[in-house]
Protein chains: 2
Amino acid sequence: MSMDADQLDRIFKALADPTRRGLVDRLATRPGQSLFELCAAAVADGQPAMSRQAVSQHLDMLEKAGLVQVTWVGRTKLHTLDLTPLRAAQAAWLGRHM
Amino acid sequence: MSMDADQLDRIFKALADPTRRGLVDRLATRPGQSLFELCAAAVADGQPAMSRQAVSQHLDMLEKAGLVQVTWVGRTKLHTLDLTPLRAAQAAWLGRHM
DNA sequence: TTTATATGCAATGATTTCATTGCATGTCAA
DNA sequence: TTGACATGCAATGAAATCATTGCATATAAA
């Protein structure tokens, strides 16, 4: 987990959106959910519905920040939370200011 | 300190930029610095120089997130860090995932 | 009063974000 | 094999971000 400035950028940017924070919350309560499940959840959670592709792109951002890991099972993509980068951000920067 | 979703957005977005994190770092070591001082610091810190207005706009974002407070002394604008919103974000959301 | 200093305001432009739509691909089930 | 299901890929477009430039304003100093 190299914590350079770009990685901090990706992490904070990933968290700077209510849909993505909702996805993190959802995955925290139950890991290994598919895109389909998370779409339904996002619609239930957040208000104004949202296309599958929008949710998929949000998940991509979380994945690129290292906060979500993915495994394929047949035609289904399962998402799991990885909080390592968040803790690394805490160690590398956040901790100095809290 | 109302911690709604928009406020979390502003805080995380404010932190999702290396220049702004540098400004936070700088203000943490010495509060009450002027825009002029912070410009010089940003140039020293970050690499590729940056206009005064760019730094000013970054400070505006930090201020709108509540992370920086401002007082005027004559023609000089003094900036001071306020970490209350960061701790509120920790309490309201971050803490559940760390 | 004149000049220099510290900052604001406004317009511009390149890039990224956020969400959409349409179509394609791969996998399971009947 | 056919059809339904879960997802990917690509193009589009509105809006926000990031940084710039030029000019204006207010305060301090000479």
Atom pair distance, as rounded to whole Å: [atom1] in [X] and [atom2] in [N]:
X       : N      : atom1 : atom2 : value
A:Arg21 : C:dC18 : CZ    : C1'   : 15 Å
A:Arg10 : C:dT17 : CZ    : C1'   : 16 Å
B:Asp17 : C:dT15 : CG    : P     : 17 Å
B:Leu59 : D:dA19 : CG    : C1'   : 14 Å
B:Leu62 : D:dT17 : CG    : P     : 13 Å
B:Leu38 : C:dG8  : CG    : C1'   : 16 Å
A:Phe12 : C:dT17 : CZ    : C1'   : 19 Å

Practice task
Please determine if a side-chain N or O atom of A:His58 lies less than 4.0 Å away from the OP1 or OP2 oxygen of C:dA19.
Solution key: yes
Fill in the blank from the handout: When A:Val68, A:Leu67, A:Leu62 are each screened for side-chain contact (heavy atoms from CB on, under 4.5 Å) with A:Pro85, the one that passes is A:Leu67
Exercise for the section: Could you encode protein contacts along nucleotides 3-8 of chain D as a string, one character per nucleotide from 5' to 3', using B for base contact, S for sugar-phosphate-only contact and - for no contact, with a heavy-atom cut-off of under 4.0 Å? Expected result: -BBSBB
Handout entry: Euclidean distance, B:Arg20 CZ relative to B:Leu15 CG, rounded to 0.5 Å
Key = 8.5 Å
Handout entry: salt bridge (Lys or Arg N to Asp or Glu O under 4.0 Å) contacts in which one or both residues fall within residues 89-98 of chain A, not counting sequence neighbours
Key = A:Arg96-B:Asp25
Practice task
Could you check A:Val73 against B:Gln57 and say which one's nearest nucleotide on DNA chain C is further toward the 5' end?
Solution key: B:Gln57
Practice task
Please check if B:Leu8 and A:Leu94 belong to a single hydrophobic cluster, counting links between Ile, Leu, Val, Met, Phe, Trp and Tyr side chain heavy atoms closer than 4.5 Å.
Solution key: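 Linked within one cluster.
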Problem - Side-chain heavy atoms of A:Glu37 within contact of A:Arg26, under 4.5 Å - result: no
Exercise for the section: Report yes if the side chains of B:Asp9 and A:Arg21 come closer than 4.5 Å at any heavy-atom pair, otherwise no. Expected result: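 Result yes, sub-4.5 Å side-chain heavy-atom pair found.
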